[in-house]
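Notes follow the structure.
Residue numbering restarts at 1 for every chain, and letters A, B, ... go by the order of the sequence lines. Worth saying up front: this structure is predicted, and the values here are computed from it rather than measured. Values below: every heavy atom of this structure, side chains too, minus hydrogens, waters and symmetry copies.
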There are 2 protein chains.
Amino acid sequence: MTETAASRLEAKLKGSGARLTAPRRVIARVLGEAEDHPDVEELHRRAQALDPGISLATVYRTMRLFEQLGVVERHAFSAGRARYEHGGEEHHDHFVDVKSGEVIEFHAPEIEALQAEVAARHGYRILDHRLVIYVERVERVEGSDKPA
Amino acid sequence: MTETAASRLEAKLKGSGARLTAPRRVIARVLGEAEDHPDVEELHRRAQALDPGISLATVYRTMRLFEQLGVVERHAFSAGRARYEHGGEEHHDHFVDVKSGEVIEFHAPEIEALQAEVAARHGYRILDHRLVIYVERVERVEGSDKPA
DNA sequence: GTGGATGCAAATAATTTGCAGCGCG
DNA sequence: CGCGCTGCAAATTATTTGCATCCAC
């Protein structure tokens with residue numbers, strides 16, 4: 001049910017006292033349907049496909065609002081434009097395939113646990129974290145499988 | 001021997017065929033002496049203190065060069081300006097104290113090992129990674145120590 | 001109705017680049 | 001002594017903002 005993500009965004013909006021306007025509804029829907037990590041320009045493009053009147057400024061303003069409400073995460077995988085994804089589900093981190101530029105999500109509770117431990121050791125409590133691992137695909141070398 | 005960092009930067013410059021100019025020498029020295037994670041504007045300020053002729057454009061160009069040579073790391077701890085540190089020593093990650101904005105380095109080989117394992121599980125080899133943990137200081141609660 | 005939200009265009013912020021002259025190798 | 005590097009200013013890129021109008025509550 002990918003549709004739920006958009007509804008969650010809308011619910012959060014209403015709850016915060018912000019107005020549920022047409023542009024925000026559209027942007028929430030675009031975010032909810034996104035399987036990738038679009039930047040503002042791409043969000044604008046997709047939003048305009050649904051409602052041509054939506055301005056770039058509104059996309060920027062809306063993303064800032066959503067980020068403050070804690071319903072999206074802003075990423076800076078590379079220099080240049082910021083990229084977004086709707087948070088809400090289970091936390092995950094990212095691989096960036098440096099060859100293809102592709103961003104892949106992954107879960108690693110073991111790493112998170114270790115992070116909390118290390119932070120505690122330094123006298124800190126974790127509020128949030130960002131882990132980005134830059135990788136390349138491992139070639140399957142012939143004979144790498146356990147031979148008989 | 002903090003001075004060694006600057007020498008390492010200079011050595012890498014010569015080795016790459018790039019020219020060892022006065023501005024680059026100054027910027028290498030500023031980086032080598034930095035205990036923090038200065039942004040370009042701050043690097044420019046410090047460089048100008050040693051040689052008033054150095055331009056902001058040169059600092060930008062030099063940092064790009066150093067980054068390509070792999071002798072400095074660019075960070076984006078928060079939106080806005082990029083911040084730098086000279087790499088070269090042992091790899092480390094960062095805590096960002098969200099209250100004070102302070103950036104603290106830490107080592108956690110255990111986490112790195114786990115990352116490599118998770119990456120391998122997904123068919124990847126790690127080229128690099130960035131882990132930033134946003135934290136707040138833990139108040140020492142009375143009686144939090146193991147009681148008798 | 002009315003204050004928050006929008007669109008547009010102009011403003012800022014961060015970084016890059018064209019060009020003529022200078023100096024490292 | 002040539003080509004890479006520099007400073008300066010103008011150009012680009014990413015994001016924000018002022019303002020008149022509009023519409024969700």
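The pair B/Arg61-B/Glu67 fails the salt-bridge criterion, with no side-chain N (NZ, NE, NH1 or NH2) lying under 4.0 Å from an Asp/Glu carboxylate O. Salt-bridge check for A/Glu10 with A/Lys14: failed, with every basic side-chain N at 4.0 Å or more from each acidic carboxylate O.
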Candidate pair B/Val135 and A/Leu127, rule side chain to side chain contact (heavy atoms under 4.5 Å, CB included), full reasoning: CA-CA 5 Å; B/Val135 299; A/Leu127 299 176; 5.6 Å; no
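Between B/His107 and B/His92, the shortest heavy-atom distance links the atoms CE1-CB, 3.9 Å. Summarising the geometry of B/Arg29 relative to B/Ala6, their closest heavy-atom pair is CA-CB, 3.8 Å, with the distance given to 0.1 Å. Nearest heavy-atom pair, B/Pro23 versus B/Ile54, reported as atom, atom and distance to 0.1 Å: CA-CD1, 3.9 Å. For the pair A/Leu69 and A/Ser16, the tightest heavy-atom approach, listed with the atom from each and the gap, is CD2-CB, 3.6 Å. Of all heavy-atom pairs spanning B/Ala18 and B/Arg24, the tightest one is CB-NH1, 3.7 Å. The shortest non-hydrogen separation linking A/Asp36 to A/Arg46 is OD2-NH2, 2.7 Å.
Rounded to whole Å, the distance from CZ on A/Arg81 to P on D/dT15 is 7 Å. Summarising the geometry, the separation between OH on A/Tyr60 and P on C/dT6 is reported as 16 Å, rounded to the nearest angstrom. When the P atom of D/dA14 is taken as reference, atom CD of A/Glu42 falls 14 Å away, rounded to whole Å. Look at CG on A/Asp51: it is 11 Å from P on C/dT6, rounded to the nearest Å. When rounded to the nearest whole Å, the span between CZ of B/Arg83 and P of C/dT15 equals 12 Å. Atom CD of A/Glu41 is separated from atom P of D/dA14 by 7 Å (rounded to the nearest Å). The CE atom of B/Met63 sits 17 Å away from the P atom of C/dT17 (whole-angstrom rounding). In this structure, B/Asp39 places its CG atom 13 Å from C1' of C/dT15, rounding to the nearest Å.
Without hydrogens or angle criteria, A/His44 side chain to A/Leu56 main chain gives a donor-acceptor distance under 3.5 Å.
A donor-acceptor pair shorter than 3.5 Å can be found between the side chains of B/Glu85 and B/His94.
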Letter by letter from the 5' end, nucleotides 20-25 of chain D scores (B base, S sugar-phosphate only, - none; protein heavy atoms under 4.0 Å) ---BBS
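Every residue two or more places apart in sequence or in another chain that forms a side chain to side chain donor-acceptor pair (under 3.5 Å) with B/Glu112 is listed here: B/His129.
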Donor-acceptor list for residues 95-102 of chain A side chains, cut-off 3.5 Å, not counting sequence neighbours:
residue	atom	partner	partner atom	Å
A/Asp97	OD1	A/Lys99	N	2.9
A/Asp97	OD1	A/Ser100	N	3.2
A/Lys99	NZ	A/Glu136	OE1	2.8
A/Ser100	OG	A/Glu102	N	3.2

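The aromatic rings of B/Phe77 and B/His75 lie parallel to each other, with less than 30° between the two planes, well short of the 60° mark.
A/Ala79 comes within contact range of no nucleotide atom at all, as no heavy-atom separation falls under 4.0 Å.
Each of C/dA5, C/dT17, D/dG7 was ranked by its minimum atom distance to the side chain of B/Arg64; first place goes to C/dT17.
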Quick test: give all pairs of protein nitrogen or oxygen and nucleotides 8-12 of chain C nitrogen or oxygen below 3.5 Å, distance rounded to 0.1 Å.
none

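From one end of the helix from C/dG1-D/dC25 to C/dG25-D/dC1 to the other, with five pairs defining each end axis, the axis direction shifts by 40° (rounded to 10°).
Taking every heavy atom of residues 65-76 of chain B and every atom of DNA chain C, no pair lies under 4.0 Å.
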